[in-house]
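Both counts, for ligands and for their atoms, begin at 1 and track the order of listing. None of the values given here were measured: they were computed from a predicted structure. FYI, the numbering just counts along the sequence from 1.
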Amino acid sequence: MTDVLFVNATLLTGARCGPGALAVRDGRIAGLWQADRAEDAAGEAQRAFPQAAHHDLGGKLLLAGGIDAHVHFREPGGTAKEDLASGSEAALKGGVTSFVDMPNTTPPTVSLAALREKRERAAAVRSHWGFHLGATNDNLAEIRAALQGEDAALFGGIKVFMGSSTGNLLVDRDAVLEEIFALRGKPVLIHSEDEGLVRAGLEAARQRYGEAIPFSAHPAIRSREACLRSTEKALDMAVRLGTRLHILHVSTAEEAALIREAKKSHPGITAETSANYLWFTDKDYERLGGAVKCNPAVKTAADRDALLEAFADGTLDTLGSDHAPHLPEEKRRPYASCPSGIPSVRHSLPVILTLARRHGIPLTRVAAAFSENIARILGIEGRGRLETGAFADLAVVDPDESFRAHGADYKCGWTPYEGETLYGAVKDVYVDGLPVIVDGRPTADRRPGAPLVFHPVSR
Ligand SMILES: [Zn+2]
């Protein structure tokens, strides 16, 4: 492979956004130059790599490819909606070069055998890939075994549904939760909604509306109280037991405030939000109906604003798309039989860049949330960072170029972002230094990506 120099780039990391140049050799980042003027960085790079081919980025952003640790690619069991190959192609178009898939497939990934089977299915996808292991009320022995020895490098975190969602993986026995929160070496990732309150909310809506429950009732059914009760409990338990806790898709102002406080007493607490909660509000249920139904529910404009603030100040550490596709006909069903979930992996980064532009959120925060922080939380070494020696998983993004979002980018053919004007067109994407997207289009190069290796994490 010839050496490649990216010059006239705006290098974007969690620490800095400014002019620079970057060299790639043998699939890895071989050098980084930052300067006040792009031509100074280019000059230095040129002297260090005189034989390299030049890519002039014309000032576009060059950032580490995303690590989306919250996707539901539906394989096995739901491949009419999505599969590992189609999901990873959509991810690459959105600048996401690594994904970690959730365990609520059919069958669920709740054993090492199921994990190994999924790994075989992923062998040909073009992005890098990994999986989380799911917890249930009765697979603790399996999780403990998986944490021993070499098998532990095979999965990202332990996913716990404290409230049930698609797939009905649920841990609702407190004694089991305590044991999971006491485990070491992996982060515990939680879907945080109180199952009892969610069930009561649905029952109350059935009493009131019969079968004609409006979609606008979703945030009352899967209520903020359900989120709060569960998150309070998880934070208390994590502080008490020293858990490495990562709270997924935070959706309320109150949870953001609780997490901000809890982090002060326990550094092992981190949190994620998704573009869905930063873009949509409860006003969108009328317009979009089932298309915007996801769990937890999208809540009020005040919640969205508080979440944007928490994203900007780093309380919310990571961005996960929670890409959760269903078929269009399923999403057109009445409320109670309409499955929850939003296809979004291809649009997650442009949505955040659009919001950053609109609200003045520093782009360094986007880079930290899109790749750096989640790499650290999951113990992924050598990816998710622009640094010498790291793998050259890269995204070239034009922050000033807008485009319309289209559901055609997804196997399921739809998205609630349809028609939205988004800034931050993903132009080129590199996986281990090889171009897989050029000017927004997939290349013919079919080389498979690599399995992510997850190192043990402490607090
Ligand atoms: Zn999810």
Side-chain angles (χ1 to χ4, degrees), residues 66-75 77-78 81-82 84 87-88 90-91 94 96 98-106 108-110 118 129-136 155-171 187-195 198 218 222 226-227 230-231 234 245-252 255 270-280 290-299 307 316-326 330-331 338-348 351 369 374 377-378 410 412 415-416:
I67 300 175
D68 192 338
H70 194 159
V71 301
H72 301 270
F73 283 170
R74 307 302 192 205
E75 182 173 352
K81 303 172 198 245
E82 192 72 280
L84 292 166
S88 90
V96 171
S98 298
F99 68 83
V100 193
D101 182 63
M102 286 295 176
N104 56 333
T105 44
T106 313
T109 322
V110 294
K118 257 191 173 176
W129 47 272
F131 299 99
H132 298 300
L133 190 62
T136 69
F155 64 100
I158 300 162
K159 171 76 183 280
V160 178
F161 285 88
M162 291 176 70
S164 58
S165 191
T166 301
N168 290 323
L169 276 179
L170 179 66
V171 180
V188 173
L189 319 176
I190 60 164
H191 178 121
S192 187
E193 290 184 288
D194 182 87
E195 181 67 8
V198 168
H218 192 49
R222 299 193 78 109
C227 297
S230 170
T231 295
L245 177 69
H246 189 53
I247 303 172
L248 301 172
H249 43 41
V250 175
S251 67
T252 67
E255 286 172 285
T270 51
E272 170 203 86
T273 195
S274 93
N276 304 334
Y277 302 100
L278 302 177
W279 187 264
F280 298 111
V292 76
K293 185 189 185 204
C294 58
N295 300 339
V298 165
K299 303 206 171 52
L307 294 171
L316 300 173
D317 305 82
T318 70
L319 181 70
S321 65
D322 194 11
H323 174 80
H326 296 285
E330 295 174 309
K331 293 295 271 183
C338 170
S340 290
I342 290 177
S344 54
V345 69
R346 186 255 174 275
H347 296 106
S348 183
V351 166
I374 193 66
I377 289 164
L378 293 178
Y410 300 109
C412 65
T415 177

Could you walk me through whether H72 and H323 pass the ring pair (Phe, Tyr, Trp, His ring centres under 6.0 Å) check? CA-CA 6 Å; H72 301 270; H323 174 80; 8.5 Å; no

Which atom, counting only N, O or S, brings D322 closest to the Zn ion (ligand 1)? OD1

Backbone N/O of V298 and side chain of H218: donor-acceptor pair under 3.5 Å: no

Go through it in stages, so that I can follow the logic: the residues are K81 and E330, the test is salt bridge (charged side-chain N to carboxylate O under 4.0 Å, His left out), and I'd like the CA-CA distance, side-chain angles, deciding distance and then a yes or no. CA-CA 10 Å; K81 303 172 198 245; E330 295 174 309; 2.9 Å; yes

Taking 2.8 Å as the cut-off, does H72 contribute an N, O or S atom near the Zn ion (ligand 1), distance below it? yes

Is there a side-chain contact between I342 and V292 in this structure, where contact means two heavy atoms from C-beta onward sitting under 4.5 Å apart? yes

Return yes when at least one N/O/S atom of H249 is nearer than 2.8 Å to the Zn ion (ligand 1), and no when none is. no

